[in-house]
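Nothing here was measured: the structure is a model prediction, and the numbers come from that model.
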Amino acid sequence: MSLAQVHHISAAAGDESAEGRFTAVGRGVTAALLAELEPLFAYVLPDGAPHRPTDAELRSLPQAFTYAVLSDGSRVVGRTAPARGESSAPVRFHTHAVHIPVGVPLPGDRLPVEAWRSPHWATVTPAGGASLSDPLGALPPGPAPVREGLDDFAVSRGPWLAAVLSDLRRASEEAAPAGGPVVLVERRSADVARWLGLAAVALPRESAERLTFTTYTRRPGSSALRVVGVAPEDAAAAREAGLRVHVCADRPPVEATGDVWARTAARVWRSRAPELFQEARVLPGDPFAAGPLAVVALCAGVGLGSEERAAAAGWAAERPYALDAKRTGQLVEALTSPGIDDRTGSEFDSVGRLFGALDGRCPAPVTAPLAAMLVTEAVRGGNGSLELPRRDAFVGPEGEAIAGVLGPEILTELESGAGGSRPVARTVQLLRVARLLGMNTRDLLPDVATRLAPALLRETEAEAERPERPEAPEGYAGPGRPEEAAEAAAGPLRAAGTPGLTGSRGAPRTPGAPGLSGAPRTPGSAGTPAAPRPSGAAGSPAAPAFAPALLELLDEQFDVRTALLGALDRIAPEDPGAVARFLERVALPFTGTQALPHLRMCAEAPGAMTTLGRDRTALWHRILRAAGLSPFAEPLVLRTAAGLVWEDRAPTVEEARLLLEAATSDAHRAAGTWSRLADAALGAPANAEEAEALAHDLLRAFPQEIQGRERAALQLLALCRDLRTGAPEPGWADRVRTLRDLAAPLEPPVQERAFTALAERLLAPDRPGAELYAFVRSDDTDLIAAYDRAARTEPTRTRLRTQPAYAADCFTVWTAHPHVGPAWTTTAAALLEEVLRPAVRSMSAELVAEVEETVGRTGSSGRANAFRDWNRSRTLGRLGRRIVGRVRRG
């Protein structure tokens, strides 16, 4: 089929009155199409071009080679070149174009860019308007004439290759990207055509056909084409127009593109191996996935970067059937080359997946280098997320060789005392590699497990305390234990350090230490029962990053599981809350014959909290039952249960009684839970009557353990019990003051209870006179203030109104000892006036006479007269005035 050709002569340069015209139009090209074509053929001279150029200058002017799609779906390929004009117009611009109807391929099924070197592009309109030869149909066969020199050009443009190919790939998408054309800045328009030639080879055919372009324009911002070439002087204008500009005639770019396919394609071009693009296209996968191209490049010996190698390994891991034995061997050899020193974690992870896909599918000699590389990285590079080979991957000489190299390093690190600060993932990986290489670590396991157990808790707590951790909802009483905690693991943990076969391990990070449930408790915290503190967020808390590898280790190695579970069980009583939070994130296997009472209690706690909520008594019994051992046989279960139920709080008095009765004093002494019982007594509110009895029992049960301030405070509580219900030892008024001073700083509820008991006892009708005298003589401001409050209570006022003998006694006491001190004197005077006087005035005359008679009988006639004088006075009275005057003189 003969394609229609079009010739066009543009206006003379600088002659604005002149217009371009079509000098020849082939059959089938309509006037509407000509109207679309004319703007495509417009040509503007570069800045500084001579008005009358020489032949050499004329040849050096840029040529616009253009490929465009018209509105009716047809296409046009043409070249616009400067040509010699008449004397009045020394330079004209001649366009020779070929119109390609819809659905008609180019001759020889060529791509448009392949015609840019055709020798049959005309610079003048042929005589008679007919073209002598078709510039598209007369192309030489084969790709060599078109691609000639592209390898050298690619090497010369190496720094720009990846970025330009990435943008050209996006420009070739079915829907043209928004933002205008990609602008290629070159000094010569032929180099823009070479860029398009590079893209035509690298891109799939359908993408290359969508890539409309022109190699030269002065107006890139108004172009509807996908790629345009401009001269360097027009680069700034293109940037100002917001276009994507690549100045390939200037300094190389600093930032590399993130397009892995484009970087791989650039490496292929720089290696002068364009035939690899076609080889990659026959492999399965997305046409612009980096994996297929990276695979054929590595198999051909092309050096690639870490991300490109990772893409190759990842693609091959997903499609191990896509490569034959030869290419598989070549890929493995390229990935494990000893000359590579820039491997990253993602590359090792991809290689690990590749090994898993090839293991058992390929002979062991093929996969052995991959296995050796993985275990070497696991030991020397610190990569804790690698999928390790199976144990039988190193059976034979390969295993002996790698064990001989890595074995001493593994044993040295496991024996190191720095294991306490070593990340969990690192220890787990070392133990797994040791088993993989058939090493005997039995003697090391006790010490390794002892160091590993607290590290598990530290890292779990540190991850849970990160800011992005969701908060628990209000009223949440604690999470239940997730059955599939390991499957909720976060992204793989990769230790810091330089990756690679010879990479060194980075300094291990120090996890934040969790709070200990045995920390000092705040006095007074046992007043109101509170729900146990939630250990995590709602739902199943996310497992720490090390969880999957840890569970695999415990599943693989029974001796490690036994040692580690035993170590965790031993440390659980010291911080059962941390162990419970760890177990709800990592579902450790409790199968086997080990008792593990503390671990079983910690595992039971979250679910019990969710079920029982604020009923701490029921929670206590349920957690103790989960231990499977009696507190008499294993006293430490008391400490674990108390730590799980109360954590850093003190029990209530009722709960403390429950704990005390649950086991003997010897068991509580061995478990150290007696301190929680003491906290319960000292932290009880002032109206908790059982606190006094609890204090009495604690002093009897733990006479050696309770000492210092706590002992004095408990003795003060026990004395309160005797003051209210029994006959305390003589000297109790002074003993209250002595114990108060020894117990400083005394809990306010304990002080309130003690002072109130003392005051009530001193206000009783049968109080010993010696104790009252000692109290008054002390002139203790706080004690006298408590006495004043007790005297003003309603029970005391009622007794004063109804019992003349009691009123007489109080008058005698409150008028005695006027010189002991200001605190007592002022308080006694106020009580006489504000408490006793209203009570006496409310009495009948007979009762008042009885009070007067009792005062005289128990005191003297002078005191009876004083009572009569005091009672007759409506104001302070003479007696009161005398008392106040003495206080003032004192």
Side-chain angles (χ1 to χ4, degrees), residues 417 419-422 424 427 446-465 478 481 510-522 525 532-536 544 550 562-586 588 590 594-606 608-609 619-620 623-624 626-629 631 633-651 659 662-663 666-680 702 705:
S421 59
R422 184 188 302 125
V424 169
T427 302
D447 290 339
V448 172
T450 299
R451 293 191 295 265
L452 179 59
L456 293 172
L457 306 185
R458 284 197 303 270
E459 290 197 23
T460 302
E461 295 284 278
E463 288 197 21
E465 291 171 2
R481 175 184 174 188
T510 304
L516 298 177
S517 62
R521 288 170 291 279
T522 303
S525 61
R533 186 175 63 192
S535 303
L550 175 67
T562 301
L564 181 59
L565 292 180
L568 282 171
D569 192 69
R570 288 191 296 273
I571 68 174
E574 302 303 323
D575 193 357
V579 176
R581 290 186 288 274
F582 166 71
L583 291 178
E584 66 177 320
R585 288 167 170 80
V586 184
L588 294 183
F590 289 167
Q594 287 178 279
L596 306 175
H598 305 285
L599 284 189
R600 298 184 190 279
M601 296 167 75
C602 294
E604 180 72 18
M609 290 176 182
L619 183 61
W620 161 266
I623 289 178
L624 268 184
L629 291 177
E634 172 56 35
L636 282 180
V637 299
L638 294 172
R639 182 192 302 181
T640 302
L644 290 170
V645 176
W646 288 279
E647 289 207 37
D648 55 353
R649 303 179 184 87
L659 266 70
D666 289 340
H668 282 292
R669 189 177 295 110
T673 46
W674 59 267
S675 61
R676 288 185 179 272
L677 307 179
D679 289 342
F702 310 106
E705 287 72 27

Seminar exercise, completed: Rounded to the nearest 0.5 Å, the CG atom of Asp569 sits from the OG1 atom of Thr640 at a distance of 8.0 Å
For this session: Identify the two heavy atoms, one from Ile623 and one from Met601, that lie closest to each other, and give their separation to 0.1 Å.
Result: O-CG, 3.4 Å
For this session: Give the minimum heavy-atom separation between Pro606 and Ala580, together with the two atoms involved.
Result: CG-O, 4.2 Å
Seminar exercise, completed: CG of Leu596 to CZ of Arg570, rounded to nearest 0.5 Å, is 10.0 Å
For this session: Hey, could you give me the CZ/OG1 distance between Arg451 and Thr427, rounded to the nearest 0.5 Å?
Result: 8.0 Å
Problem set entry | Short side-chain to backbone donor-acceptor contact, Glu459 and Val424, under 3.5 Å | yes
Exercise. With side chains defined as the heavy atoms from C-beta onward, is the minimum distance between Asp575 and Val579 less than 4.5 Å?
Worked result: no
Problem set entry | Close side-chain approach of Leu564 and Leu550, heavy atoms under 4.5 Å | yes
Exercise. Taking the inter-plane angle between the rings of His668 and Phe702 on a 0 to 90° scale, is it parallel (under 30°), tilted (30 to 60°) or perpendicular (over 60°)?
Worked result: perpendicular
Exercise. Hey, does Trp620 have a side-chain heavy atom less than 4.5 Å from the side chain of Leu638?
Worked result: yes
Exercise. Do the charged groups of Asp679 and Arg676 touch, with an N to O distance under 4.0 Å?
Worked result: no
Exercise. Is Leu644 close to Glu604 at the side-chain level, that is, under 4.5 Å between some pair of heavy atoms?
Worked result: no
For this session: Answer whether the closest heavy-atom distance between the side chains of Leu568 and Leu588 falls below 4.5 Å.
Result: yes
Exercise. Does the Glu705 side chain pair with the main chain of Arg669, one donor and one acceptor, at a distance under 3.5 Å?
Worked result: no
Problem set entry | His598 side chain to Arg639 backbone, donor-acceptor under 3.5 Å | no
For this session: Look at Glu634 together with Arg600 and state whether they make a salt bridge at an N to O cut-off of under 4.0 Å.
Result: no
For this session: Give, for atom CZ of Phe590 and atom CG of Leu599, the distance between the pair rounded to the nearest 0.5 Å.
Result: 4.5 Å
